[in-house]
*Asks:* 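Structure in structure tokens, see below.
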Number of protein chains: 2
Amino acid sequence: MTLDEAKQHLIQAWGTLGSSWGVSRTMAQVHALLLVSPVPMTTEDIMEALQISRGNVNMNVRDLMDWGIVRKVLKPGERKEFFEAEKDVWKIGMQIAKERKKRELEPIIRALDQVSTIEADITDPDVKQFAETVENLKKFANNTNNTLETIIKAEESMFWGSFFKLFK
Amino acid sequence: MTLDEAKQHLIQAWGTLGSSWGVSRTMAQVHALLLVSPVPMTTEDIMEALQISRGNVNMNVRDLMDWGIVRKVLKPGERKEFFEAEKDVWKIGMQIAKERKKRELEPIIRALDQVSTIEADITDPDVKQFAETVENLKKFANNTNNTLETIIKAEESMFWGSFFKLFK
DNA sequence: AAATACTTTCAAAATATTTTGAAAGTTCAA
DNA sequence: TTGAACTTTCAAAATATTTTGAAAGTATTT
């Protein structure tokens, strides 16, 4: 398998993985492409490599930056913008966990809290089952939230730990 | 908020959550509906509650059964099939983790292994970056896989633990 | 101030996914 | 064996999502 074949394989697989986790196929592919590139790429490089339009690249790169896993790089003397992906796989995982927690876990916790304000007769089996299920979902969601919080905090303090070591 | 309003809210929120995690909105809604129902429901009950077609209900219920979080219930003397959701939230979580591991994590690990068979000059920086990134992705994916495996196994042995206690 | 070199936006087009419903299939009782 | 009661399938229709590309916007140089 040549490098280009291998890259194509990986980009395809990453796109498929993305789309089964609710991330658009193309966004995942752009991410994979930047991930395996040894140097930052321009919009045109990406258009060329994935055969997609300028607008599409622009949009997906912006989303990846919103996720905090791709950065804009400006080269002195160049007008064009370059993009590079975070290469530390653990950091990528943490960043995605952090964002999904904020974007998807916290909203569902708020929705569950809302829905708990139901005022009704607890002797009605329908009401009872509902209240109980919601209560259990809340517990589970809060647990997940706290666990992630702990891991993310640990990760960040480890980062600052190594950061400060540089100055010892 | 009345029970019906609360149910509607929850079903909506669950649908939204599902679709941001790559599960079809309707499948998540059917799941939520069964989750808060105190009794098993028929295809027609579900059609009525969510205002969707028979074929749609049939398909989504089948998928939920494939995920192992909804069961078919046959009532003696009734021709119709009833469906009920697993109510134990922790079990639901474990079951989903188990399935996604099988359906999405393991395939990507295989893809990464495939892509590592690239035979090329390691002094080429392009090849080097690629090999390194793939290596790191593999480590991360295998780690995740093993962690899940451990949790699932622990969960299952706990289940068998409590199961056998019944016979003491 | 105008020209150049880019980036961003967004309505329309293309594509992908989901939904429908009627026909085919199945099961069971008479 | 037939027919009634149900479930499943799947091609076509509806809907949702993604993609395009050209126009508008922005920043920099001359």
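Lettering of chains follows the sequences in order, A, B, ..., and the numbering in each one begins at 1.
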*Asks:* Rounded to whole angstroms, how far apart are CG on A:L74 and P on D:dA27?
*Replies:*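 From A:L74 CG to D:dA27 P: 13 Å.
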*Asks:* Can you work out whether A:F83 or A:R79 has the more 5'-proximal nearest nucleotide on DNA chain C?
*Replies:*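 Looking at DNA chain C, the more 5' nearest nucleotide goes with A:R79.
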*Asks:* How many whole angstroms separate atom CZ of B:R62 from atom C1' of D:dT8?
*Replies:*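 Rounding to the nearest Å, CZ of B:R62 and C1' of D:dT8 are 7 Å apart.
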*Asks:* D:dT20 P sits how many Å from A:M47 CE, rounded?
*Replies:*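 Spelled out: CE on A:M47 to P on D:dT20 is 9 Å.
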*Asks:* Tell me which of A:T26 and B:K72 sits closer to the 5' end of DNA chain D, going by the nucleotide each one is nearest to.
*Replies:*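 It is B:K72, whose closest nucleotide lies nearer the 5' terminus.
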*Asks:* Please report the distance, rounded to the nearest Å, between CG in A:N56 and P in D:dT17.
*Replies:*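 In whole Å, D:dT17 P lies 16 Å from A:N56 CG.
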*Asks:* Just compare C:dT9, D:dT18, D:dT20 and give me whichever is closest to any side-chain atom of A:I52.
*Replies:*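 Given the options C:dT9, D:dT18, D:dT20, the side chain of A:I52 is closest to D:dT20.
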*Asks:* Using atom CD of B:E44 as one end and atom C1' of D:dT7 as the other, report the distance to the nearest whole Å.
*Replies:*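 Computing the B:E44:CD to D:dT7:C1' distance gives 11 Å.
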*Asks:* Looking at side-chain heavy atoms only, is the closest gap between A:F83 and A:L34 below 4.5 Å?
*Replies:*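 In short, these two side chains touch, coming nearer than 4.5 Å.
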*Asks:* Starting at CE of B:M27 and ending at P of C:dT17, how long is that distance when rounded to a whole Å?
*Replies:*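 Going from B:M27 (CE) to C:dT17 (P), I get 16 Å.
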*Asks:* In whole angstrom, what separates A:R54's CZ from C:dT9's C1'?
*Replies:*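 Taking atom C1' of C:dT9 as the reference, CZ of A:R54 is at 13 Å.
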*Asks:* Taking all non-hydrogen atoms of both residues, which atom of A:V115 and which atom of B:A6 are closest, and how far apart?
*Replies:*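 Closest approach of A:V115 to B:A6, heavy atoms only: CG2-O, 3.3 Å.
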*Asks:* Ignoring hydrogens and geometry beyond distance, is a side-chain donor-acceptor pair present between A:Q95 and A:W67 at under 3.5 Å?
*Replies:*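 Per modelled atom types, A:Q95 and A:W67 side chains form no pair under 3.5 Å.
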*Asks:* What's the CE-C1' distance between B:M65 and D:dT8, to the nearest Å?
*Replies:*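 That distance rounds to 11 Å.
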*Asks:* On DNA chain C, does the nearest nucleotide to A:E81 precede the nearest nucleotide to A:R25 from the 5' side, or the other way round? Give the residue.
*Replies:*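 Nearest nucleotide further toward 5': that of A:E81.
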*Asks:* Between A:N142 and A:N146, is any side-chain donor less than 3.5 angstrom from a side-chain acceptor?
*Replies:*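 Note: A:N142 and A:N146 side chains miss the donor-acceptor criterion.
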